[in-house]
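Chain naming here is simple, since letters A, B, ... match the order of the sequence lines and numbering starts at 1 in each. Basis for what follows: all heavy atoms, side chains included, without hydrogens, waters or symmetry-related copies.
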Amino acid sequence: RVSSDGKPPKFQPPPKPVIIDKKTQKEETRFLSPEFIPPRGRTDPLKYYMERKDMIQRRKVFNIPEFYVGHVLAVTTADPHASDKSKRFVGICIQRGGKGLGATFVLRNVIEDQGVEICYELYSPRIQALEVLKLEKRLDENLMYLRDALPEYSTFDVNMKPVPRMDHEEIPVNKLQVRMKPKPWSKRWERPKYNIKGIKFELPEHKMKAAEKWSQPWLEFDMLREYDTSKIEAKIRKELSEELEK
Amino acid sequence: MMPIWTKSGEKHAVTLLKVQDCHVLRYVSKEESGGKTAKLLVGGKNVSPFSKRESAHEIFKEAGVPLKQKVTTFNVTDDAIIKPGTPLYAAHFRPGQFVDVTAKTIGKGFQGVMKRWGFKGQPASHGQTKTHRRPGAISTNKASKVYRGTKMPGKMGNIYRTSFGLKVWRINTKHDIIYVNGSVPGHTNCLVKVKDSKLPTYKDCNKNPPFPTFFADGDEELPEDLFDEEIFQFTDPSVTFA
């Protein structure tokens, strides 16, 4: 190799091999239920440790499957007033809230033209069975806008058979754009604060532009709002895997 | 605060209280204190010796115990006297007992009469001139004075208050945590005083508590978690109604 100056060419070390450890990558991206991540605050971490111990104990006895917002679930709860002493409800999960033992999820379904939403507690001892019937993620984390969408998007057959899951890898994302009932809605879903991608807005252009007035573009650069959970998540994942193997 | 479920599926909210380095500091006899019963001074939560002045170090030196952030008195009968320097643990209480919890409430600063005393204020419109959150009248015409103790704006909070009759659901002996029913005055991680309940309904509720206290170096070996009979433990399967 001849360099332009006539001097001997500078020693260039060979490129370092990039080692992609698939096992650790898989560990990092494995599902961690959102209620395990402690919220930001000044509470003693001992309190979250005690709650996590109880949550792990419950998970050892009762299987809580991995599910996201947008999955269709069937929940069987114990009810002292029902004839069979148990109630079964099928619905799409529209929201997962709460941290720790009080974690909840809201299931929505339309039964005989009446929209029904039931908020269940994940760790309540009344829940006897929790089956995932259809696995699909949606474009948003919060599907509350289904209340103002046409009822066909919230109806699910009560006797639906569980859809068999093909791969153990990806959960399909349903890029469905939902059509809405005419305005007024319960919330102004076109405003940028809700950041909804799953609605097909059929509003005129000037209304969509007027909604942009409420956008707060500085929020994504606000450093005080950042809450980096990667290290906390890694610790909790390690703790979980150790405890569940016992 | 955390949820807790009973065997019948009902949910109760529970506050976690940690017993952090509690030691008995001094025994004050009935004649010395001038009260009706003997007193025991108890201190909690270790703190650096520079946070208190030298004259306050004496009690802790006598007892042979590191400096404590808070010192409280408990009125004790003569058969329940404990030697100064003994540590106190969460196992002093048992599940099923009823307990009073005292703490300083969250300080709200100088507050107006609507927040402090719950006055209704005045309407927002219909001609009110500069009067929406004011107290209105403070006394009558005939009195021709303002009585002592009239509710007026002032500093709210940061005073000692007690919640009575709270049930103890669970005790963790490894981390010294008491799970107490309902809410407790004070902010998170504040110092709190826990006593046996003085309410007459719970007078007979303490069946064989550890008397005078639970000694760690004794023969008793307690399991890590002590539960009340009605609590749903997560090791059991889900609740079914027969």
Side-chain angles (χ1 to χ4, degrees), chain A residues 35-36 38-65 75-88 97-105 119-131 240 243-244 246, chain B residues 1-21 44-46 69 90 106 169-184 186-192 223-242:
Chain A
E35 71 263 7
F36 279 102
R40 233 170 27 151
R42 289 160 69 173
T43 336
D44 201 355
L46 179 65
K47 186 240 179 191
Y48 297 121
Y49 174 69
M50 300 303 298
E51 274 201 285
R52 250 177 286 142
K53 264 186 12 183
D54 280 337
M55 284 149 79
I56 293 167
Q57 192 52 255
R58 174 75 178 151
R59 275 175 185 253
K60 279 188 193 169
V61 174
F62 174 75
N63 171 42
I64 296 177
V75 179
T76 344
T77 40
D79 184 21
H81 308 293
S83 47
D84 278 333
K85 303 297 171 197
S86 68
K87 271 198 295 207
R88 187 183 139 102
K99 298 281 178 200
L101 276 176
T104 54
F105 62 100
C119 176
Y120 291 103
E121 286 155 4
L122 268 178
Y123 295 95
S124 165
R126 279 233 190 107
I127 296 185
Q128 284 158 346
L130 188 52
E131 308 136 20
L240 260 183
E243 289 288 324
L244 285 172
K246 277 189 196 168
Chain B
M1 285 193 72
M2 207 167 95
I4 229 176
W5 285 274
T6 56
K7 289 197 170 136
S8 50
E10 287 155 10
K11 183 166 103 151
H12 296 273
V14 138
T15 313
L16 312 196
L17 305 175
K18 175 148 169 85
V19 178
Q20 201 165 2
D21 324 306
K45 192 169 170 196
N46 290 347
Q69 187 172 343
I106 298 177
W169 283 107
R170 177 177 161 180
I171 298 214
N172 187 305
T173 37
K174 187 175 162 198
H175 297 278
D176 277 331
I177 302 180
I178 310 175
Y179 290 62
V180 142
N181 190 31
S183 60
V184 141
H187 56 87
T188 34
N189 306 335
C190 79
L191 287 167
V192 130
E224 191 191 323
D225 270 307
L226 292 164
F227 294 93
D228 186 45
E229 299 146 347
E230 288 174 7
I231 278 192
F232 168 79
Q233 300 191 29
F234 288 113
T235 39
D236 304 331
S238 304
V239 158
T240 37
F241 298 100

Max heavy-atom pairs within cutoff under 4.5 Å with chain B, candidates S124(A), G102(A), A129(A), goes to S124(A)
Starting from the C-alpha separation in whole Å, work towards a yes-or-no answer on side chain to side chain contact (heavy atoms under 4.5 Å, CB included) for F232(B) and R126(A). CA-CA 10 Å; F232(B) 168 79; R126(A) 279 233 190 107; over 6 Å; no
If you count heavy-atom pairs under 4.5 Å between each of K7(B), H175(B), H187(B), K18(B) and chain A, which one has the most? H175(B)
Please report the closest heavy-atom contact between D236(B) and V61(A), naming both atoms and the distance. O-CG1, 3.6 Å
Output yes when a side-chain donor or acceptor of D44(A) lies under 3.5 Å from a complementary backbone atom of N189(B), and no otherwise. no
Reported CZ-to-NE2 distance for the pair F241(B) and H81(A), which is rounded to 0.5 angstrom: 8.0 Å
Go through the atoms of Y49(A) and report whether side chain, backbone, both or neither lie under 4.5 Å from a heavy atom of chain B. side chain
Note: R170(B)-D54(A) ion pair, threshold 4.0 Å (strictly below): yes
Could you report the tightest heavy-atom contact between Y123(A) and F234(B), atom names first, then the distance? O-CE2, 3.8 Å
Turns out that what part of I177(B) lies under 4.5 Å from chain A's heavy atoms comes down to side chain
In terms of heavy-atom proximity below 4.5 Å to chain B, should K53(A) be classed as side chain, backbone, both, or neither? side chain
Taking the side chain as every heavy atom from C-beta outward, state whether Q233(B) and P125(A) have any pair of such atoms under 4.5 Å apart. no
E229(B) atom CD: more than 12 heavy-atom contacts under 6.0 Å: no
What is the minimum heavy-atom distance between M50(A) and Y179(B), and which atoms define it? CE-OH, 3.7 Å
Would you mind checking which part of N172(B) comes under 4.5 Å of any heavy atom in chain A, side chain (CB onward), backbone (N, CA, C, O), both or neither? side chain
L46(A) versus chain B, heavy atoms under 4.5 Å apart: side chain, backbone, both or neither? side chain
Side chain to side chain contact (heavy atoms under 4.5 Å, CB included) between T240(B) and Q128(A), worked out: CA-CA 8 Å; T240(B) 37; Q128(A) 284 158 346; 2.8 Å; yes
Give the minimum heavy-atom separation between W5(B) and L101(A), together with the two atoms involved. CH2-O, 3.6 Å
Considering residues, nucleotides and ligands other than R42(A), do more than 12 of their heavy atoms fall under 6.0 Å from its CZ? no
More than 12 heavy atoms of other groups within 6.0 Å of K11(B) NZ: yes
